[in-house]
Amino acid sequence: MQNKYNAHVIEREAQQYWDGHRSFRAVEAPGKPKYYCLSMFPYPSGKLHMGHVRNYTIGDALTRYHRMRGYNVLQPMGWDAFGLPAENAAMANNVPPAKWTYDNIAYMKKQLVSLGFAIDWERELATCQPDYYRWNQWLFLRMLEKGLVYKKTGTVNWDPVDQTVLANEQVIDGRGWRTGALVEKREIPMYYMAITRYADELLAALDRLPGWPERVKTMQANWIGRSYGVRLAFPYTLDGKHDKLWAFTTRADTIMGVTFCAVAAEHPLATRLARDNPKLAAFVDECKRGSVIEADFATMEKKGLPTGFFVAHPLTGEKIEVWVGNYVLWGYGDGAVMGVPGHDERDFAFARKYGLAIKPVIDVNAKPYSTDAWQPWYAEHGKCVNSGKYDGLDYDAAVDVIAADLAAKGLGEKQVMWRLRDWGISRQRYWGTPIPLIHCTDCGDVPVPDDQLPVVLPEDCVPDGSGNPLAKRADFVNCKCPKCGKKAMRETDTMDTFVDSSWYYIRYACADQKSAMVDERVNYWLPVDQYIGGIEHAILHLLYSRFWTKVMRDLGLVTIEEPFTNLLTQGMVLNEIFFRKSDGGRIVYYNPADVVMTPGAGSLGITGATPTLKIDGQPVEAGGTGTMSKSKNNGVDPQALIEEYGADTARFFMMFASPPEQTLEWSDSGVEGASRFLRRLWSYCEKFDKRKRSGDRTQIGLNVKKATLLEVHSVLKQANHDFEKHQFNTVASAAMKMLNALDRLEAVDKDVEECLSILLRLLCPITPHISHHLWQKLSFGKDILEAKWPEHDPAALIEDEIEFVLQVNGKLRGNMRVAKDADRALIEKLALQNPNVQKHVNGQPVKKVVVVPGRLVNVVV
RNA sequence: GCGAAAGUGGCGGAAUUGGUAGACGCACCAGAUUUAGGUUCUGGCGCCGACAGGCGUGUGGGUUCGAGUCCCUCCUUUCGCACCA
């Protein structure tokens, strides 16, 4: 053996060995239990960051662990290669997004390979390749045929200076990120996927996903948001025509408390009334300004304007004034709400602000009620009061009777409402999957025939920030109508990149299949047994993937119901955020590595530190901590770590740092410890090898040996338990404990050898290179990948005596050792005799003695 | 604002799921080895206290023989909010 641990040499050798033996090629083997382990594929942003290292090390550890447990494993990798950052980079550097993307893929693949992940690279895919995205187009057309894709208008952020649509991320404090111009809303035609048709199933099937974290299921359920209520109508007459204003409510029992109605600015009634009311028109315009981001919407000041127009209360016929409210969502329900200030907090605030009547109609369970200030109990369910014939009815009865009365008048009915909205997939951007439609003046929107797929995206465009460059490419836009053959225009919108990521895990099963989206191999590999990725994907990506799977199932393409059997949501890796804001409102982010804390004099002699940029010494603003990301420029490239310490140290450190599901604030303190452990392991193995070769006959004392075996096997038992829980930080510490136990011994024998082989196998999923190397060098076998996973020996855990904790009144007062077969009476007697216990009992009468078998005695006085 | 989670030494974290709080590491301190630096090894290390002992898991309350763990309150941080991926 070499006497120094040289990570780079042994890691290169191990990787060459795996490469030469095609160790990670996954082949379908019917009859053998399969394990499809998948980490969310990366966006090729340039370099890996620590979040990637964490994600892929978790996946690799699970992959290798299951392989050693006898599963036929598949761990593929690919690239989520379409998206906005490539266009931004293109603008900044005048490089086509395609070139930038492929360069990034090449670099990041090298990084992944150097980390030694057990990936089957033969299945690699990139979503920007026509081979992949043609099937996005193909499935889009199948969904169009089934009516699962349809066209309607949608609202987008519009930058009036650049004359372009902005992503939500490009809107900062209501202004365009490049121009600083106030963003406007704009209605444009878009294509939608009808995910709401699957709302019921997407909700119900959550109960059949025991392998998913509860919090993710809760978030999805809330997102889908099924609510039971009543859709009711307020009749009115306008322009000589009878019409109805529809609204949905979950509180039909409060209908007698309605004192106003509010509609969204985009509501047709608002549009109509604004026509001859300039003040209203101005207000409607004001509401339509601003961004489309719902969080902004929810936090902005609630404003309204009366229209002077009245509708009739559906039950009493009372005149109710219609208001336009900036807080009424035009995407949810009918874009109108009935205002019940008495029992809805938002309506209450609105009524107080504008002096509208507040009419309590629920007894709120006899708690005090005052129209001066809102109290949380005003929203409670209770019996109806001030409600005429409904007085005295409770919530359920009131809703039933009121719904029946409304139905009798043709002015309402019970309805299930979903918060979930259909999925708008049109993007006015270049770097994405072209939507396969052709616009013909005579034939309308005509699907591109299957035999003309894929609609290939030209790869040499360089966006300039002013609209979609595809629209300026005559060679792309101009085409013939497939129906009538006349001149026509190709659709230039591309698809949301969530489309790409909604089914890539299916494609891995048959990535080389040229003539179909899927083949029979998907039935072998799918569903994914273990999916691993960031918690930030808890809703959108995971919901879209579930939806897409169900669509493919209904098209007969796959047989699975759900794509991911088990889900591990990795906690985010956070880092500090630093930025500067220019006068135009534009924000530039600086990497924490380029920022130093400069001490400066604070007020009253307290010294504070100011973050300053290394290059110019000028201060930057601190933006707290947040997820490592390209957009916040706060990623940490693992390359330096790998180059200094090697892949195994980087992997071990990352796993040891915290449990996988927990948020992790980045710090490299502790890397030394990981590195030291691997060096200690190496030098121990070197010592072990020498002793074994020299035929050293030193005997190990019987008690010492028993203690060592007890330690190693109890730690192994715990570690196996932790592996099943995916708690790799304690698996890593288990390995350290084992090494500590072995290193205390001065000699080697067969039992020690077995313990060392356990340690190497336990470490193999986390630090595969050093485990591979030492396994061979110590002649444990040819390839540790083929070794059997270690199980603890129950015989080693048997002890003659058990240690009990002694408490008086719940406070720790001592310990005692008792023979393992002692009965309860004896344990109680021995505990009461214990001098420490006696001291604290101090002659007081003993009320009770609690004995927890094998663990603890508590004397209560 | 709404939805979801998290909060334990100077730091990362552990705690057999209601039973010895701080495993295993990092940092630090002392000692040994070393020409020195680094490496390596040994020991110490929650806070207060001379000791006895007391206090201690974000805040305040509750349940229990016993609470980091269960219930309620508040605070802080993180994730998501439909065009970042």
Side-chain angles (χ1 to χ4, degrees), chain A residues 40 42-43 45 80 82-85 88 154 156-157 165-171 213-216 218-219 221-223 225 292-300 302 327 331 346 419-429 496-498 500-501 534-541 543-544 569 571-572 574 624-627 629-632 653 656-659 661-665 667 669-674 676-677 679-680 683 717-718 721 727 729-730 732-737 740 803-812 814-815 847-850 852 855-861:
Chain A
M40 289 179 187
Y43 177 78
S45 55
D80 190 10
F82 276 138
L84 192 58
N88 297 338
V156 293
N157 304 302
V165 175
L166 296 179
N168 284 345
E169 193 188 51
Q170 298 170 313
V171 179
E214 279 311 315
R215 61 167 163 164
V216 174
T218 307
M219 281 191 267
N222 291 339
W223 184 263
V292 300
I293 303 167
E294 204 175 302
D296 292 349
F297 202 79
T299 46
M300 74 190 177
K302 310 284 177 284
Y327 66 95
R346 205 171 45 186
R419 210 187 75 92
L420 182 68
R421 305 199 293 261
D422 277 341
W423 175 15
I425 59 135
S426 295
R427 297 289 179 270
Q428 298 68 47
R429 269 192 264 293
D496 180 5
T497 55
F498 274 124
D500 309 327
S501 55
I535 183 67
E536 77 273 24
H537 294 294
I539 297 173
L540 292 180
H541 161 62
L543 193 62
Y544 291 144
T569 44
M572 304 278 76
L574 310 183
T625 55
T627 311
S629 72
K630 182 94 184 160
S631 58
K632 294 278 174 1
F653 163 66
F656 185 57
S658 89
E661 305 204 281
Q662 199 163 302
T663 301
L664 175 65
E665 222 169 297
S667 157
S669 72
V671 174
E672 273 302 330
R676 191 173 302 147
F677 167 67
R679 290 197 305 266
R680 276 186 61 210
S683 69
K717 185 182 176 190
Q718 185 64 47
H721 184 245
Q727 190 170 294
N729 55 327
T730 48
S733 87
M736 288 174 156
K737 287 178 190 175
N740 289 345
E803 185 159 286
F804 275 77
V805 166
L806 300 175
Q807 295 182 334
V808 178
N809 284 347
K811 295 210 159 153
L812 175 69
N815 300 289
K847 275 201 249 171
K848 190 174 171 187
V849 180
V850 181
V852 182
R855 202 173 282 279
L856 158 152
V857 183
N858 187 15
V859 179
V860 184
V861 297

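First the proteins, then the strands, lettered A, B, ... as listed; each starts at 1.
- In this structure, A:S629 reaches neither bases nor backbone, as no heavy-atom distance under 4.0 Å exists between it and the strands shown.
- Put simply, CZ on A:R215 is 12 Å from P on B:G80, counting in whole angstrom units.
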Close N/O contacts between protein and nucleotides 53-60 of chain B (under 3.5 Å):
residue, atom, partner, partner atom, Å
B:G53, OP1, A:K839, NZ, 2.9
B:G54, OP1, A:R813, NH2, 3.3
B:G54, OP2, A:R813, NH1, 3.3
B:C55, OP2, A:K811, NZ, 3.2

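- Counting to the nearest Å, the P atom of B:A85 and the CE atom of A:M572 are 16 Å from each other.
- Contact of the A:L574 side chain with the A:L664 side chain is not registered, since no non-hydrogen atoms from C-beta on lie closer than 4.5 Å.
- A pairwise comparison of heavy atoms in A:Y43 and A:G83 identifies OH-O, 3.9 Å as the closest pair.
- Taking atom CG on A:N729 and atom C1' on B:C24, their separation rounds to 10 Å, with Å as the unit.
- Among the heavy atoms of the strands, none lies under 4.0 Å from A:H721.
- At whole-Å resolution of the value, CE in A:M219 and C1' in B:A5 are 7 Å apart.
- The residue A:N168 sits close only to the backbone: its heavy atoms come under 4.0 Å of sugar-phosphate atoms, none of a base.
- Among the heavy atoms of the strands lying under 4.0 Å from A:F498 is at least one base atom, whether or not backbone atoms are also near.
- Side-chain contact between A:W423 and A:F498 is present, with heavy atoms from C-beta onward closer than 4.5 Å.
- When the nearest nucleotides of RNA chain B are assigned to A:E169 and A:V216 by heavy-atom distance, the more 5′-ward of the two goes with A:V216.
- Both A:A167 and A:G624 lie close to RNA chain B; mapped to their nearest nucleotides by heavy-atom distance, the more 5′-ward contact belongs to A:G624.
- Rounded to whole Å, the separation between the C1' atoms of B:U64 and B:G54 comes to 23 Å.
- Between A:N809 and the phosphate of B:G66, there is no side-chain N or O to OP1/OP2 separation shorter than 4.0 Å.
- Residue A:G626 is classed as a sugar-phosphate contact, given heavy-atom separations below 4.0 Å to backbone atoms only.
- Base engagement by A:V805 is indicated by at least one non-hydrogen atom pair under 4.0 Å involving a base atom.
- At a threshold of 4.0 angstrom between heavy atoms, the contacts of A:T627 are confined to the sugar-phosphate backbone, with no base atom among them.
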Enumerate the protein-to-nucleotides 7-12 of chain B contacts in which both atoms are nitrogen or oxygen and the separation is below 3.5 Å.
residue, atom, partner, partner atom, Å
B:G12, O2', A:A657, O, 2.2

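- Heavy atoms of A:R855 sit under 4.0 angstrom from at least one base atom.
- No more than 12 heavy atoms of other residues, nucleotides or ligands lie within 6.0 Å of NZ in A:K717, so this atom counts as exposed by the packing criterion.
- Here A:Q727 lies in heavy-atom contact (under 4.0 Å) with sugar-phosphate atoms only.
- A:D296 places its CG atom 14 Å from the P atom of B:G1, with the value rounded to the nearest Å.
- Using a distance-only test at 3.5 Å, with no hydrogens or angles considered, a donor-acceptor pair links the side chain of A:N809 to the main chain of A:V861.
- Judged by distance alone, with hydrogens and angles left aside, the side-chain atoms of A:N168 form no donor-acceptor pair with the main-chain N or O of A:V292 at under 3.5 Å.
- The interatomic distance linking A:H537 (NE2) with B:G3 (P) rounds to 23 Å, in whole Å.
- Under 4.0 angstrom from either OP1 or OP2 of B:U20 there lies no side-chain N or O belonging to A:N858.
- Counting any heavy atom pair closer than 4.0 Å across all strands shown, A:P659 reaches sugar-phosphate atoms only and no base atom.
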Report task. Decide side-chain contact (heavy atoms from CB on, under 4.5 Å) for A:M219 and A:I535; before the verdict, give the C-alpha distance in whole Å, the side-chain angles of both, and the deciding distance to 0.1 Å. Result -> CA-CA 11 Å; A:M219 281 191 267; A:I535 183 67; 4.1 Å; yes
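- In this structure B:G9 sits in the syn conformation; its chi angle is within 90° of 0.
- The residue A:R679 sits close only to the backbone: its heavy atoms come under 4.0 Å of sugar-phosphate atoms, none of a base.
- No donor-acceptor pair closer than 3.5 Å links the side chain of A:Q662 to the backbone N or O of A:P659.
- The listed nucleotides are B:G19, B:C83, B:C24; the one nearest the side chain of A:S733 is B:C24.
- A distance of about 29 Å separates the P atoms of B:U63 and B:G53, rounded to the whole Å.
- Residue A:R421 contributes atom CZ, which lies 17 Å from atom P of B:G3 at whole-angstrom precision.
- Using a 4.0 Å heavy-atom criterion, one finds that A:V671 contacts no nucleic acid atom at all.
- Distance check on atom P: B:C28 versus B:U77 gives 30 Å, rounded to whole Å.
- A side-chain donor from one of A:S669 and A:S667 sits under 3.5 Å from a side-chain acceptor of the other.
- Contact annotation: A:S631 does not reach the phosphate of B:C84 (side-chain N/O to OP1 or OP2, under 4.0 Å).
- Heavy atoms of A:L420 sit under 4.0 angstrom from at least one base atom.
- Spacing between B:C47 and B:A21 at atom C1', rounded to whole Å, works out to 14 Å.
- Remark: A:S629 OG to A:E536 CD distance equals 10.0 Å, nearest 0.5 Å.
- Consecutive pairing runs in RNA chain B reach the stem threshold at B:1-7 with B:75-81, B:10-12 with B:24-26, B:28-32 with B:40-44, B:46-48 with B:53-55, B:60-62 with B:70-72, where a stem means at least three Watson-Crick or G-U wobble pairs with distances under 3.5 Å.
- With C1' as the reference atom, B:G9 and B:G25 are 14 Å apart, rounded to whole Å.
- Taking the P atoms as reference points, B:U8 lies 14 Å from B:G68, given to the whole Å.
- Of the candidates B:G25, B:U78, B:C81, B:G25 carries the atom nearest the A:M736 side chain, counting heavy atoms from C-beta on.
- Straight-line distance between the C1' atoms of B:A67 and B:A15: roughly 13 Å, to the nearest whole Å.
- For the P atoms, the distance from B:C83 to B:U76 is 31 Å, rounded to whole Å.
- The distance from atom CD1 of A:I425 to atom OG1 of A:T497, rounded to the nearest 0.5 Å, is 11.5 Å.
- With A:N858 contributing its side chain and A:V850 its backbone, the two residues share no donor-acceptor pair below 3.5 Å.
- Base orientation of B:U59: anti, the glycosidic angle falling outside 90° of 0.
- A donor N or O paired with an acceptor N or O is found under 3.5 Å between the base of B:C83 and the side-chain atoms of A:Q428.
- For A:E294, the side-chain atoms get nearest to B:C81 when compared with the rest of B:C81, B:G19, B:C26.
- Distance CH2/A:W223 to CZ/A:R421: 7.0 Å, rounded to 0.5 Å.
- Residue A:L84 is in sugar-phosphate contact alone, with no base atom involved, counting any heavy-atom pair closer than 4.0 Å across all strands shown.
- Looking at A:R215 and A:E661, their side chains come closer than 4.5 Å, going by heavy atoms from C-beta outward.
- A:K632 places no side-chain N or O within donor-acceptor distance of the main-chain N or O of A:K630, the cut-off being under 3.5 Å.
- Between A:H541 atom NE2 and B:C79 atom C1' the separation is 16 Å, expressed in whole Å.
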